[in-house]
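Everything below concerns the one structure shown next.
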Amino acid sequence: MLKNKKSFKIISMPKELSKTYNPKEVEDKIYQLWEKSGYFNPDNLPAASSIKQQVSSYTIVVPPPNVTGSLHMGHALNAAIQDILIRKKRMEGYKTLWLPGTDHAGIATQNVVEKELKKQNVSRHDLGREKFLEKVWEWKEKYGGIILNQFKKLGCSMDWSRVRFTMDEQYQKAVNEAFLRYYKKGWLYKAERVINWCVRCQTSLSDLELEYKEERSKLWHIKYPLLNEKGFIIVATTRPETMLGDSAIAVNPKDKRYKNLIGKKVLLPIQNREIPIIADEEIDMEFGTGAVKLTPAHDLLDARIGEKHKLPVYKVIGPLGKMAPEAGQLCAGLKVLECREKVMVELKNQNLIEKEEDYNHNVAVCYRCNGVIEPQPSLQWFLKMNELAKLAIKAVKSGEVKFHPKNWEKIYFSWLENIRDWNVSRQIWWGHKIPLEGETDVLDTWFSSALWPFATLGWPDKTKDLKEFYPTQVISTARDIINLWVARMIFSGLEFTGQKPFSDVIIHGTILTKDGKRMSKSLGTGIDPMILIEKYGADATRFGLIWQAMGNQDIHWDENAVIAGKKFANKVWNVARFILMNKPSQINTDSNADTRGKNIGENQRGNPSKSAFDEDKEFIKKLNTTKKQVSKQVDTYEFGQALHSLYDFVWHEFADKYIESSKGRNDEEVKIVLNNALLEVIKMLHPFMPHLTEEIYQNLPNKNKEFLMIEKW
RNA sequence: GCGCGGUUAGCUCAGUGGUAGAGCGUUUCAUUGACAUUGAAAAGGUCAGAAGUUCGAUCCUUCUACCGCGCACCA
């Protein structure tokens, strides 16, 4: 083989490039070179002289994945997006920080460790709080870093010297400080309220931590006998068992059907309690019979109306999801559904069921365990939201913080404008303990992640990092945590630092299966990005993700895009190989030169003709247009479009047209153009496909910089 | 119930007020020196449906249908 190639061998080339691009041989090696270089750390980057001091840093804090997690497609897409921004800005001369880290993820992690223990038939209560927490820390040390290593496999240029964890000592300090500052302002208070209680996790949850699941159920119409007169008032309910805790019947004051009943009393069946019929405007006349049973202890609306009318509260369901003593002898101790059956039997016996109809409704479930939510009164910590919500609304209304795409602002505003005080205490063990004496509760995990952009940089201390890298520029995430996380970061940042935590919020699309269904591990519809990397390489995987990331729409995942990425990587590789290994002058000594020359015109052998110069000019123009376009598209967060532009140019303009026609030429000009274009192309492509382009750069005979990573954009 | 997004080639998706585009797939042809992970070409679309604005609508407006999602006080 070598013999055949002898005449083409170029002495100046340090080594031969393989015929095809082989990511496995390249990616880990290149990543190690980058890491060793120290350039992921902005302290080691030369400050750009051309850029003014106040904008010279560019920071993204990574949305900290849960320590329970392993990388899924959403993480991979988000990481690719952030790495593109970071790498481009680094090449543009900014002191670029991409700060990595993980979230302790209170309930999620506690549940995982509890499950582990259950295999050995041990509960957390068997161990006790202290021992259990030791176990969680052990678990975190063992598995918590997996996802960070997966980021490395993707090629993420994160500053590993600044890894943070939401339970680090410094971070705990930040959380305590935040709590105390809110407390001193009088915004944190303790109160007994009806909250969302997860029976399985044994903790309260905020309104945002609920999901809704459709349930096929019945709507039962139950007769409540009027007191001291004949007749009934009929109420419709999906939860007959809660009648044991009823303290009134409510109707709309405008409802003619019930006008003459308002103020009268009924005898609550089974409990034989006298309860009033009251009027409240919040009652929907259209629904059911227009008359509602009120159970102030176990329903949020009922609780509100109950408070208004000063109704007594009967706690008939206990925290374990079993009927409490107040439910009465008949049902106390039963599970909720057992109680429901018992109540139904009893009501049938008393002939108090008017009818039942099929009814589908949504029931609230826990976002961590899918368990049943039982609203119930509980003593909890709440954070007043009025002022904070105002801050957050103003920041976006004024344009200080921008959403991309903009329409996600609606979701943000609609939540903040109708906000209720935030229940921030959780009755679990894994988390930040509430400061103050005698507290056993911990804080909502989102309370601490709300501080992420500044707590990771050293707040509340006045650190050099905080000064240099805060406010950050961009936060990139999926839509499901706009309010859970993004909104809370915005008001926390404004409240504690007086500055917005970031300027731009990128909401990328969700990756779905090809049929448009949710990717989920348990359904077996998920795809492991690590398998894609193994099969096609990290650059091809990134290509596949970004190729499909058009207009922030949801992505119907198609693995063909990754295959296209692998082919493209090879194409780019071979463009480089052609330019670096087979100089046009040498090729042209070959006798085929005549026929090649014919492809591009009459007069293009030997010296460049006029038309060849025109061709160069035209090509250079297209190159410059592409440069501008790609740069603009990345700056406006149109990542998919940017990659398509690049792909088109590289493959169809550079390779198919210019390189093909260059084969018939033997002038200095064409060599210069080819070499320059190659350098420009790998620069532009570097943020998207960093390993491939860096490997090519490392093979350039004369490079300006140690790494393409720090080349000038 | 309110709101948001989508509907363009067989599949996944771009796009524009004036002959409709890409990747993959399909068909035909080509090719010993960058690359078969290739090149040249072809077939394939009433741009969901209807009405309106306009000289002209796939694009703007309204309505309808279907799909997806969010929110709600889903008794």
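Letters A, B, ... are given to chains in the order of the sequence lines, protein chains preceding strands, and every chain is numbered from 1. Predicted model only: the values in this text are computed from it and were never measured.
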> Going through the checks in order, is the salt bridge (Lys or Arg N to Asp or Glu O under 4.0 Å) test met by Lys310(A) and Glu307(A)?
Replying inline: CA-CA 5 Å; Lys310(A) 301 205 163 62; Glu307(A) 208 171 311; over 6 Å; no
>> So if I apply the side-chain contact (heavy atoms from CB on, under 4.5 Å) rule between Tyr697(A) and each of Leu692(A), Leu678(A), Leu679(A), which one comes out positive?
In response: Leu679(A)
> Does Lys566(A) put a side-chain nitrogen or oxygen below 4.0 Å from OP1 or OP2 of rU37(B)?
Replying inline: no
> Does a side-chain N or O from Gln641(A) land closer than 4.0 Å to OP1 or OP2 of rG15(B), or not?
Replying inline: yes
> Just to confirm, is there a sub-4.0 Å distance from OP1 or OP2 of rG39(B) to any side-chain nitrogen or oxygen of Lys571(A)?
Replying inline: yes
> Expressed as a whole number of Å, how far does the P atom of rC29(B) sit from that of rC69(B)?
Replying inline: 47 Å
> When the distance from CE of Met550(A) to P of rC13(B) is rounded to whole Å, what number comes out?
Replying inline: 11 Å
> Closer than 4.0 Å, any side-chain N/O of His556(A) to the OP1 or OP2 of rU7(B)?
Replying inline: no
> Quantified in whole Å, what is the C1' atom distance between nucleotide rG45(B) and nucleotide rU58(B)?
Replying inline: 11 Å
>> What I want to find out is whether Arg479(A) reaches Asp554(A) closely enough, with some N-O distance under 4.0 Å, to be called a salt bridge.
In response: yes
>> Between Phe543(A) and Phe568(A), does the ring pair (Phe, Tyr, Trp, His ring centres under 6.0 Å) criterion hold? Intermediate values first, please.
In response: CA-CA 9 Å; Phe543(A) 179 102; Phe568(A) 184 56; 5.6 Å; yes
> Ile511(A) CD1 to rG68(B) P: how many Å, rounded?
Replying inline: 19 Å
> Which value, in whole Å, describes the distance between the P atoms of nucleotides rC60(B) and rA72(B)?
Replying inline: 31 Å
> Between atom CD in Glu282(A) and atom C1' in rC73(B), what is the gap in whole Å?
Replying inline: 6 Å
>> Expressed as a whole number of angstroms, how long is the span from Leu646(A):CG to rG23(B):P?
In response: 15 Å
> What integer number of Å spans the C1' atoms of rC24(B) and rG44(B)?
Replying inline: 14 Å
>> For RNA chain B, please output the secondary structure as dot-bracket, reading 5' to 3'. Pairs are Watson-Crick or G-U wobble, both atom distances under 3.5 Å; mark crossing pairs with [ ], other-strand partners with |, unpaired with a dot.
In response: (((((((..((((....[..)))).((((((....).))))).....(((((..]....))))))))))))....
>> Please give me the minimum heavy-atom distance between Arg239(A) and Ile317(A), naming the atom from each residue.
In response: NH2-CD1, 3.8 Å
>> On RNA chain B, compare the nucleotides closest to Gly290(A) and Asp558(A); which residue's is nearer the 5' end?
In response: Asp558(A)
> Between rC47(B) and rG6(B), how far is it from one C1' atom to the other, in whole Å?
Replying inline: 14 Å
> For rG23(B), does either OP1 or OP2 sit under 4.0 Å from a side-chain N or O belonging to His644(A)?
Replying inline: no
> In whole angstrom, what separates Ile555(A)'s CD1 from rC67(B)'s P?
Replying inline: 23 Å
> Are side-chain heavy atoms of Asp358(A) and Arg216(A) found at a separation under 4.5 Å?
Replying inline: no
> Taking atom P of rC73(B) as reference, at what distance in whole Å does atom CD1 of Ile305(A) sit?
Replying inline: 12 Å
> Of the candidate nucleotides rC11(B), rC35(B), rG3(B), which contains the atom at the shortest distance from the side chain of Lys514(A)?
Replying inline: rC11(B)
>> Taking rG39(B) as the reference, what is the distance to rU53(B) when you measure between their C1' atoms (whole Å, please)?
In response: 48 Å
>> Distance check, rounded to the nearest 0.5 Å: Tyr412(A) atom OH versus Lys397(A) atom NZ?
In response: 10.0 Å
Can you give each donor-acceptor pair under 3.5 Å made by side-chain atoms of residues 646-655 of chain A, sequence neighbours left out, with the distance rounded to 0.1 Å?
unit_1    : atom_1 : unit_2    : atom_2 : d
His652(A) : ND1    : Asp656(A) : OD2    : 3.1
Glu653(A) : OE1    : Lys622(A) : NZ     : 3.1
Glu653(A) : OE2    : Lys657(A) : NZ     : 3.4

> Nearest to the side chain of Ala564(A), which nucleotide is it out of rG23(B), rG5(B), rC35(B)?
Replying inline: rG23(B)
>> Distance check needed: rG68(B) P versus Lys517(A) NZ, whole Å only.
In response: 9 Å
> In whole Å, what separates the C1' atom of rA65(B) from that of rC73(B)?
Replying inline: 31 Å
> When rounded to the nearest Å, what value does the distance between C1' atoms of rA9(B) and rA14(B) take?
Replying inline: 13 Å
>> Heavy atoms from C-beta onward define the side chain here; which of rU12(B), rA14(B), rG23(B) lies closest to that of Tyr647(A)?
In response: rG23(B)
>> With a 4.0 Å cutoff (strictly under), does any side-chain N or O of His361(A) reach OP1 or OP2 of rA75(B)?
In response: yes
> Just how far, in rounded Å, is C1' of rA22(B) from CD of Glu638(A)?
Replying inline: 16 Å
> Tyr21(A) or Leu300(A): which one's nearest nucleotide on RNA chain B is closer to the 5' end?
Replying inline: Tyr21(A)
